[in-house]
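Structure, as structure tokens:
The analysis underlying the following values was restricted to heavy atoms, covering all of them including side chains, and did not include hydrogens, waters or symmetry mates.
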Amino acid sequence: MRVIKAKSYQDLSRKAANIISAQVILKPNCVLGLATGNTPLGTYRQLADWYRKDDIDFSQVTTFNLDEYVGLAPDDPQSYHSYMRRNLFDMVNLRPEACHIPDGCAADLSAACRDYDAAIAQAGGIDLQLLGIGSNGHIAFNEPGAAFEKDTHVVTLRESTLRANSSFFSDGCVPRQAITMGIRLIMQARKILLIAEGPGKRNALHRALYGSISAEVPASILQLHPDLTVICHVEEDT
Ligand code: PGA
């Protein structure tokens, strides 16, 4: 595990974008696992900026997002489909057919989960997975107590996660269920890049990286990943 302390959110974002960019340069047809939330926004802005400057080419890249809310259509402005289009997909030359996000509106959610796992396997697995961490230690929507051995599945969200994500919803009403990649699937990524921003993440990050490995802190399993890089900016700014 490598832990890199960033000087600022901008520094964190540039460092994370640099690692993603290096992955794309080294393997132009790589498979990226992508995350949503507040933390990756600066990373995506930086990648879009480098794309505009002709410094990075996504034309052969395939992506798989971690999760999506159940019941939100892809064109719902509050869906993760919309978030990804707004913040990355529409800003760079990723091929739309190469960008995958779980289908939260599928009539058969279990079949949608199985199809998602199959599509990742078909693409050859994930080369680099970008991850955030919840202040309760969750990764993707794998909440405390989640089983480590799951692939893509449907989850019911915890109150703390609903509260944390309510700022993204104009009416404050966050869907209560989501489809998420499970921890086993996340752990199969060849490399993992975890980014954590803000003092609110300090405790969860510390428990994840240095505490005992326990389902109560889902991110703690990352200690066992053979190629984990953490970029964090979690101290109070002085
Ligand atoms: P955030 O979410 O980037 O919005 O803080 C991260 C997470 O909950 O996984």
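- The shortest non-hydrogen separation linking Arg95 to Val61 is NH2-O, 3.5 Å.
- Counting heavy atoms of neighbouring residues, nucleotides and ligands inside a 6.0 Å radius, atom CG of Asp108 exceeds 12 of them.
- Distance CG/Asp55 to CG/Asp57: 11.0 Å, rounded to 0.5 Å.
- Closest of all the heavy-atom pairs between Asn65 and Pro102 is O-CD, 3.7 Å.
- Ring-centre distance between Tyr9 and His233: not below the 6.0 Å cut-off.
- Cluster membership for Tyr210 and Ile213, using ILVMFWY side-chain heavy atoms within less than 4.5 angstrom, is shared.
- Smallest separation of non-hydrogen atoms from Ala196 and Leu12: O-CD1, 3.3 Å.
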- Can you check side-chain contact (heavy atoms from CB on, under 4.5 Å) on Asp227 and Ile192, steps first, answer last? CA-CA 6 Å; Asp227 193 340; Ile192 294 184; over 6 Å; no
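- Tracing side-chain contacts under 4.5 Å through hydrophobic residues (I, L, V, M, F, W, Y), one reaches Leu162 starting from Val155; they form part of the same cluster.
- In this structure, Leu228 CG and Arg2 CZ are separated by 8.0 Å, a value rounded to the nearest 0.5 Å.
- Gln177 contributes no side-chain N or O that, together with a main-chain N or O of Leu157, makes up a donor-acceptor pair within less than 3.5 Å.
- Within a 6.0 Å sphere centred on NZ of Lys27, heavy atoms belonging to other residues, nucleotides or ligands number more than 12.
- Lys150 is not listed as a side-chain neighbour of Arg184, based on a closest heavy-atom distance of 4.5 Å or more.
- Between Ile126 and Gly33, the closest heavy-atom pair is CG2-N, 3.7 Å.
- No donor-acceptor pair under 3.5 Å is formed between the side chain of Tyr51 and the backbone N or O of Phe58.
- Considering every non-hydrogen atom in both Gly211 and Gln223, the closest pair reads O-NE2, 2.9 Å.
- Connection of Ile19 to Ile186 is not established within any shared hydrophobic cluster, with ILVMFWY side chains joined at heavy-atom distances below 4.5 Å, either directly or through further cluster members.
- Without hydrogens or angle criteria, His225 side chain to Ala189 main chain gives a donor-acceptor distance under 3.5 Å.
- Judged by distance alone, the side chain of Glu68 and the main-chain N or O of Tyr80 form a donor-acceptor pair under 3.5 Å.
- Side-chain N or O atoms of Thr62 include none that pairs as donor or acceptor with a backbone N or O of Val31 at under 3.5 Å.
- In this model, a donor atom of one side chain and an acceptor atom of the other lie less than 3.5 Å apart for Asn165 and Tyr69.
- The pair Glu159-Arg176 meets the salt-bridge criterion, with a side-chain N (NZ, NE, NH1 or NH2) lying under 4.0 Å from an Asp/Glu carboxylate O.
- Counting all heavy atoms, side chain and backbone alike, Ala204 lies closest to Gly137 at CB-N, 3.9 Å.
- Applying the 6.0 Å contact sphere to CD of Gln122 captures no more than 12 heavy atoms from other residues, nucleotides or ligands.
- Between the side chain of Thr180 and the backbone N or O of Gly182 there is no donor-acceptor pair closer than 3.5 Å.
- Cluster annotation: Phe64 is not connected to Val24 through the hydrophobic network of ILVMFWY side chains, with a link wherever side-chain heavy atoms come within less than 4.5 Å.
- Using a 4.5 Å cut-off on side-chain heavy atoms (C-beta onward), Ile20 and Leu47 make contact.
- Dense packing is recorded around CZ of Arg190, with more than 12 heavy atoms of other residues, nucleotides or ligands lying under 6.0 Å away.
- At a threshold of 4.5 Å between non-hydrogen side-chain atoms, the residues Ile179 and His153 do not count as touching.
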- Message: Does Ser160 form a side-chain contact (heavy atoms from CB on, under 4.5 Å) with Arg163? I'd like the steps, not just the answer.
- Response: CA-CA 5 Å; Ser160 56; Arg163 267 197 308 279; 4.0 Å; yes
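- Remark: the Gln23 side chain and the Lys191 side chain contain an N/O donor-acceptor pair separated by less than 3.5 Å.
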- Give the intermediate values and the outcome of side-chain contact (heavy atoms from CB on, under 4.5 Å) for residues Cys99 and Ile101. CA-CA 7 Å; Cys99 298; Ile101 302 182; 6.0 Å; no
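- In this structure, Arg114 does not pair ionically with Asp151, as no charged nitrogen and carboxylate oxygen lie closer than 4.0 Å.
- Here the CG atom belonging to Asp127 is positioned 7.5 Å from the CG atom belonging to Leu32, to the nearest 0.5 angstrom.
- Remark: the backbone N or O of Asp103 is not paired with any side-chain donor or acceptor of Asp115 at under 3.5 angstrom.
- Contact annotation: the side chain of Tyr83 approaches that of Leu41 to within less than 4.5 Å [non-hydrogen atoms, C-beta and beyond].
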- Leu193/Leu131 under side-chain contact (heavy atoms from CB on, under 4.5 Å): CA gap, chis, key distance, verdict: CA-CA 6 Å; Leu193 173 58; Leu131 275 187; over 6 Å; no
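- Following chains of ILVMFWY side-chain contacts shorter than 4.5 Å, one can reach Leu66 starting from Ile120, so the two form part of one hydrophobic cluster.
- Between the side chain of Ser79 and the backbone N or O of Pro74 there is at least one donor-acceptor pair closer than 3.5 Å.
- Between the side chains of Arg85 and Ser82, at least one donor N or O lies within less than 3.5 Å of an accepting N or O.
- Here the SG atom belonging to Cys113 is positioned 11.5 Å from the CE atom belonging to Met181, to the nearest 0.5 angstrom.
- Side chains of Val92 and Trp50 form no contact here, defined as non-hydrogen atoms less than 4.5 Å apart.
- The distance from atom CZ of Phe168 to atom CD of Gln78, rounded to the nearest 0.5 Å, is 10.5 Å.
- Distance alone, capped at 3.5 Å, places no donor-acceptor pair between the Gln129 side chain and the Ala35 backbone.
- Side-chain contact check for Asn203 versus Ser135: every heavy-atom pair is 4.5 Å or farther apart.
- Taking a cutoff of 4.0 Å between a charged side-chain nitrogen and a carboxylate oxygen, Lys53 and Asp49 qualify as a salt bridge.
- Side chains of Lys5 and Cys232 form a contact here, defined as non-hydrogen atoms less than 4.5 Å apart.
- Under the 4.0 Å criterion applied to side-chain N and carboxylate O atoms, Asp11 and Lys15 are assigned as salt-bridge partners.
- Between the side chains of Glu143 and Asn136, at least one donor N or O sits under 3.5 Å from an acceptor N or O.
- Note that the NZ atom of Lys201 and the CD1 atom of Ile195 stand 9.0 Å from one another [nearest 0.5 Å].
- Looking only at distances, no side-chain donor or acceptor of Asn142 sits under 3.5 Å from a matching main-chain atom of His138.
- Residues Leu185 and Thr152 form a side-chain contact, since some pair of their non-hydrogen atoms from C-beta on lies under 4.5 Å apart.
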